[in-house]
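Structure record follows, encoded as structure tokens.
All values below were derived from every heavy atom in this structure, side-chain atoms included, with hydrogens, water molecules and symmetry-related copies excluded. This one's a predicted model, so the numbers in the text were calculated from it and none came from an experiment. Remember, it's 1-based here, ligands and their atoms both numbered in the order they're listed.
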Amino acid sequence: MNKPVYVTQPYLPPLDEFYPYLEKIWDSKVLTNCGPFHHQLEQALCDHLGVKHLALFTNATIALVTALQALRITGEVITTPYSFVATAHSLLWNGIKPVFVDVDPNTLNLDPAKIESAITPQTTAIMPVHVYGHPCDVDAIQKIADNYNLKVIYDAAHAFGVKDAHGSVLNHGDLSVLSFHATKVFNTFEGGAVICPDEKTKIRIDHLKNFGHVGEVNVVAPGINGKMSEFNAALGLLQLKYIDQAISCRKQIDAAYRERLKGVKGIDCLKDAGEKVANYSYFPILVQADYPLSRDDLYQKLKDSGIHPRRYFYPLISDFPMYRGLPSANRENLPNANAAAQKILCLPIYPDLQMEAVERICHFIASQ
Ligand SMILES: *Cc1c(COP(=O)(O)O)cnc(C)c1O
């Protein structure tokens, strides 16, 4: 019996290389409150990603909530139902009404052509997601935002290191939010960051993630505790040394899947969006009607054989109880998202995944 294969497995650098960081923390007794590792990691990530300003957070969900507050977003925000539930939850935590718009059937990202008809006088922003790390149609989205005076906040939880023709995809829109959760390409166990283009916004975000404190005795906003600890920041600094290697392993696995699944009837690999630099964070396939099994039967059979893929994203956010009553959650409004949620399967991909396992998975899928 083979060892179970999960959809992802966190990439961990050698443990002995972490001890010197721990020693520094123990010696200085600085555990949090934006200490030296916090500052070092912010700078190192700005350099690595090619972005101007970055504020570290305890996780991406708190970072999304804070990003919306930093820009004083209210009313309605246009977003996608095809994402992890934290995208829409960050709106509810701010008392904002999510308005779901359908996705493009090829990229599964928010379809810019459908945004305009969802805009009302209450709309203040658009919150798209770079699903699987494939960049959204950022130019079309910005054009609409400019025409209607809307802010754009990208949930870029999947988009660590992704670049388009202009450089980092994180430089688009007003703010972008990364996740460093254990399941993501780059992890600090738990963590996240807000990327912003100007220093003034970065300072406001830094205040908001620290209770709104400015100096010892002033509190200027109803902030939250969103600070990343020194322990997590140290993990990030060490992880960063290995990230290029980790992504190049993912790239080989991505290529192997594409090659081996090419001829399999009824299985479509999602096209990568042609970005200049991808991160191979997920390997999504669509199980079409002409495949011998339904998506759920394939999912179950793979699980029974010790392979654990995930149905990202199923169910849609718009089908959860706190969202399904919204008029925009109506399935007729979201045909492409609903179709994708029924067909999608994300296959295992992570740096340590063995090629034998990839071959076994592909053989299993091809021989049903
Ligand atoms: C993982 C994820 C989040 C939440 O990130 P956390 O760091 O776990 O809070 C938000 N949005 C998307 C699209 C995600 O995949």
Could an N or O of ligand 1 be found under 3.5 Å from any N or O of [X], whether backbone or side chain?
X	answer
Glu190	no
Ala60	yes
Ser83	no
Tyr282	no
His181	no

Who's the nearest protein heavy-atom neighbour of [atom], and how far?
atom	result
atom 3 (C) of ligand 1	Phe84 CD2, 3.6 Å
atom 15 (O) of ligand 1	His158 NE2, 2.7 Å
atom 11 (N) of ligand 1	Asp155 OD2, 2.7 Å

For the residue pair Asn187 and Gln239, what are the closest heavy atoms and their distance?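 In this case the closest contact between Asn187 and Gln239 is O-NE2, 3.0 Å.
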
What pair of heavy atoms forms the shortest contact from Ser83 to Asp155, and how long is it?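 Where Ser83 meets Asp155 most closely, the heavy atoms are OG-OD2, 4.2 Å.
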
Pull out every atom of ligand 1 sitting under 4.0 Å from any heavy atom of Lys184, numbered as shown with elements.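 That gives atoms 1 (C), 2 (C), 14 (C), 15 (O) of ligand 1.
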
Could you list the atoms of ligand 1 found under 4.0 angstrom from a heavy atom of Gly191?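 So the atoms of ligand 1 that pass are 7 (O).
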
Test of ring centre spacing under 6.0 Å for His89 and Tyr323: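 Ring centres of Tyr323 and His89 closer than 6.0 Å.
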
Polar contact flag, side-chain donor to acceptor under 3.5 angstrom, Thr124-Glu76: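 There is no such pair (donor and acceptor under 3.5 Å, judged by atom type) between the side chains of Thr124 and Glu76.
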
Going by distance alone, is a donor N or O of one side chain under 3.5 Å from an acceptor N or O of the other, for His172 and Asp164?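 Short answer, yes.
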
What pairs of donor and acceptor atoms, side-chain ones from residues 281-290 against any protein atom, are under 3.5 angstrom apart with sequence neighbours left out?
unit_1 : atom_1 : unit_2 : atom_2 : d
Ser281 : OG     : Tyr132 : O      : 3.2
Ser281 : OG     : Asn279 : OD1    : 3.0
Tyr282 : OH     : His158 : NE2    : 3.4
Gln288 : OE1    : Lys343 : NZ     : 3.0
Gln288 : NE2    : Asp268 : OD2    : 2.8

At a non-hydrogen distance cut-off of under 4.0 Å, which region of Ala157 contacts ligand 1 (side chain, backbone, both, or neither)?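 For Ala157, the contact with ligand 1 is made by the side chain alone.
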
Taking non-hydrogen atoms only, is Thr61 closer than 4.0 angstrom to ligand 1 via side chain, backbone, both or neither?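 Both the backbone and the side chain of Thr61 come within reach of ligand 1.
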
Tell me, please, whether Tyr299 has Arg311 positioned over its six-membered ring: NZ or CZ under 6.0 Å from the ring centre and within 45 degrees of its axis?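 So Arg311 does make the cation-pi contact.
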
Would Lys184 count as a cation-pi partner of Phe160, with NZ or CZ less than 6.0 Å from the six-membered ring centre and within 45° of the ring normal?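 The answer is no, since Lys184 fails at least one limit relative to Phe160.
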
